[in-house]
Amino acid sequence: MPPPSDPPIRHPHESNRRHWDATAGSWAEKRERDGLWRRCPVEPELGFAGGAFDLVGSFIGDVKGKKACVIGCGDNYAGFALAGMEADVTSVDISERQLETASQRAKQLGLAINFVQADAMDLSSLGDRKYDLVCSTNGFFVWIADLRAVYGEVFRILKPGGYYIFYDVHPFQRPWKDGNRSIEVEKTYWQTGPLRDEKDGTFEFNWTLGDILNPLTDAGFVLRRVLERPAGDENYWGGSSFQSCNDKRLLDWKENPRAALPVWFSAALQKPV
């Protein structure tokens with residue numbers, strides 16, 4: 001009798017969706033500790049990092065009345081921020097449970113946001129040439145198996161002249177083992193994935209700068225601006241619990257070598273008129 005075979009691996013996005021549905025409750029509790037979601041509508045810069053808020057201001061200007069879509073919205077901080085500035089916001093995420101949390105919080109904040117459950121690789125539920133602005137934020141690219149498919153959908157739903165503006169963890173942060181006081185290589189920069197976490201079954205993709213930017217221009221976008229920024233404060237290095245961190249040494253690259261590298265990678269891209 002042959003030995004039992006391992007269960008088939010689901011599509012990476014399906015495995016990731018199941019993970020985020022299962023952990024949405026505990027993740028919401030973590031985010032409740034910092035309370036930033038409550039502040040985003042009146043302090044919209046909290047919904048963005050890495051200079052992305054300035055990019056929105058520079059290229060979009062006043063977002064009041066503009067149609068904006070946040071893909072892979074997760075905690076929906078960017079959605080809350082844009083809605084607080086009176087944009088007409090649609091927030092999209094693959095996880096129904098994450099969207100439930102975001103929807104409940106939007107109601108508490110008195111914000112009218114349209115929530116859509118969809119994979120960013122298939123935004124067929126959204127109309128063509130509908131949005132002035134599409135955003136993605138920290139922790140989006142790492143979950144995406146096919147960037148070209150996502151960019152094609154973003155290009156389709158943007159109005160001519162519209163912008164895709166994103167910020168995310170800089171690819172230069174990806175090769176290192178976690179830990180603040182030393183740099184130890186965990187993998188090569190070019191080992192992009194899929195990288196499977198055996199503990200929770202999720203798949204990550206550690207895309208290079210070329211992997212992120214080249215398919216954007218292939219999709220038809222015009223690159224308007226690229227920013228590379230350090231962490232804004234020491235809290236970034238405090239870990240995934242989002243607890244306050246008061247150790248200023250973590251911003252000193254001599255104490256924390258990873259602080260010598262860019263933390264955020266942001267860009268503004270335009271769909272030609």
Side-chain angles (χ1 to χ4, degrees), residues 13 40 44-45 47-74 76-94 99 102 111-138 140-141 143-168 207 209-228 264-273:
H13 284 204
C40 284
E45 64 277 7
F48 299 87
F53 184 70
D54 293 335
L55 292 178
V56 172
S58 296
F59 291 100
I60 303 296
D62 186 358
V63 301
K64 183 177 180 179
K66 300 286 180 66
K67 289 188 175 296
C69 181
V70 182
I71 55 173
C73 64
N76 205 57
Y77 287 12
F80 297 152
L82 292 167
M85 293 189 289
E86 300 186 60
D88 180 357
V89 178
T90 296
S91 289
V92 180
D93 200 86
I94 197 171
L99 289 172
L111 300 175
I113 296 175
N114 179 36
F115 291 98
V116 176
Q117 193 274 326
D119 188 322
M121 287 168 44
D122 179 8
L123 300 176
S124 55
S125 56
L126 305 181
D128 295 351
R129 300 182 299 278
K130 184 176 181 181
Y131 296 97
D132 301 287
L133 171 67
V134 175
C135 291
S136 64
T137 60
N138 175 29
F140 175 66
F141 292 140
W143 302 112
I144 300 300
D146 186 346
L147 292 175
R148 291 181 182 275
V150 172
Y151 297 158
E153 288 291 84
V154 171
F155 192 88
R156 177 183 63 79
I157 67 175
L158 273 173
K159 296 177 181 178
Y163 283 88
Y164 174 38
I165 295 177
F166 68 79
Y167 80 92
D168 217 307
W207 302 116
L209 283 173
D211 292 331
I212 293 170
L213 291 176
N214 289 328
L216 282 163
T217 58
D218 291 344
F221 283 102
V222 177
L223 179 62
R224 296 301 187 192
R225 194 69 49 84
V226 169
L227 302 177
E228 298 173 287
W264 299 120
F265 171 52
S266 307
L269 300 110
Q270 187 176 27
K271 179 176 179 177
V273 177

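Residues: numbered from 1 along the sequence shown.
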Working to the nearest 0.5 angstrom, can you tell me the gap between [X] [atom1] and [Y] [atom2]?
| X | Y | atom1 | atom2 | result |
| --- | --- | --- | --- | --- |
| Tyr163 | Ser58 | OH | OG | 9.5 Å |
| Ser125 | Leu123 | OG | CG | 6.5 Å |
| Asp128 | Glu153 | CG | CD | 9.0 Å |
| Leu216 | Arg148 | CG | CZ | 9.5 Å |
| Leu126 | Cys69 | CG | SG | 5.5 Å |
| Asn76 | Leu111 | CG | CG | 9.0 Å |

Side chain to side chain contact (heavy atoms under 4.5 Å, CB included) involving Asn214 - partner list, sequence neighbours excluded: none
Mind checking what makes side chain to side chain contact (heavy atoms under 4.5 Å, CB included) contact with Asp54, not counting sequence neighbours? none
Measure from the side-chain N and O atoms of Tyr164 to the backbone N and O of Ala267, and report whether any donor-acceptor pair falls under 3.5 Å. no
The criterion is ring pair (Phe, Tyr, Trp, His ring centres under 6.0 Å); which residues satisfy it with Phe265, sequence neighbours excluded? Phe166, His170
Those residues at least two apart in sequence (or on a different chain) that pass ring pair (Phe, Tyr, Trp, His ring centres under 6.0 Å) with Phe221 are Phe155
Determine the interplanar angle of the Tyr151 and Phe141 rings, folded into 0 to 90°, and report it as parallel if under 30°, tilted if 30 to 60°, perpendicular if over 60°. perpendicular
[X] versus [Y]: any side-chain heavy-atom pair under 4.5 Å?
| X | Y | answer |
| --- | --- | --- |
| Tyr77 | Thr137 | no |
| Thr217 | Leu213 | no |
| Ile144 | His13 | yes |
| Ser266 | Ile165 | no |
| Tyr131 | Thr90 | yes |

To check you understand the geometry: which heavy-atom pair defines the closest contact between Pro44 and Ala81, and what is its length? O-CB, 3.4 Å
Looking only at heavy atoms, the pair that brings Ile60 and Lys66 closest together is O-NZ, 3.5 Å
Which residue pairs satisfy the salt bridge (Lys or Arg N to Asp or Glu O under 4.0 Å) criterion with at least one member in residues 76-88, sequence neighbours excluded? Lys64-Glu86, Lys67-Asp88
Might you confirm whether atom CZ of Arg225 has over 12 heavy atoms from other residues, nucleotides or ligands at distances under 6.0 Å? no
Checking side chain to side chain contact (heavy atoms under 4.5 Å, CB included) against Val89, which of Val63, Asn114, Ile113 comes through? Ile113
Test of understanding: with salt bridge (charged side-chain N to carboxylate O under 4.0 Å, His left out), list the residues that count as partners of Asp168, not counting sequence neighbours. none
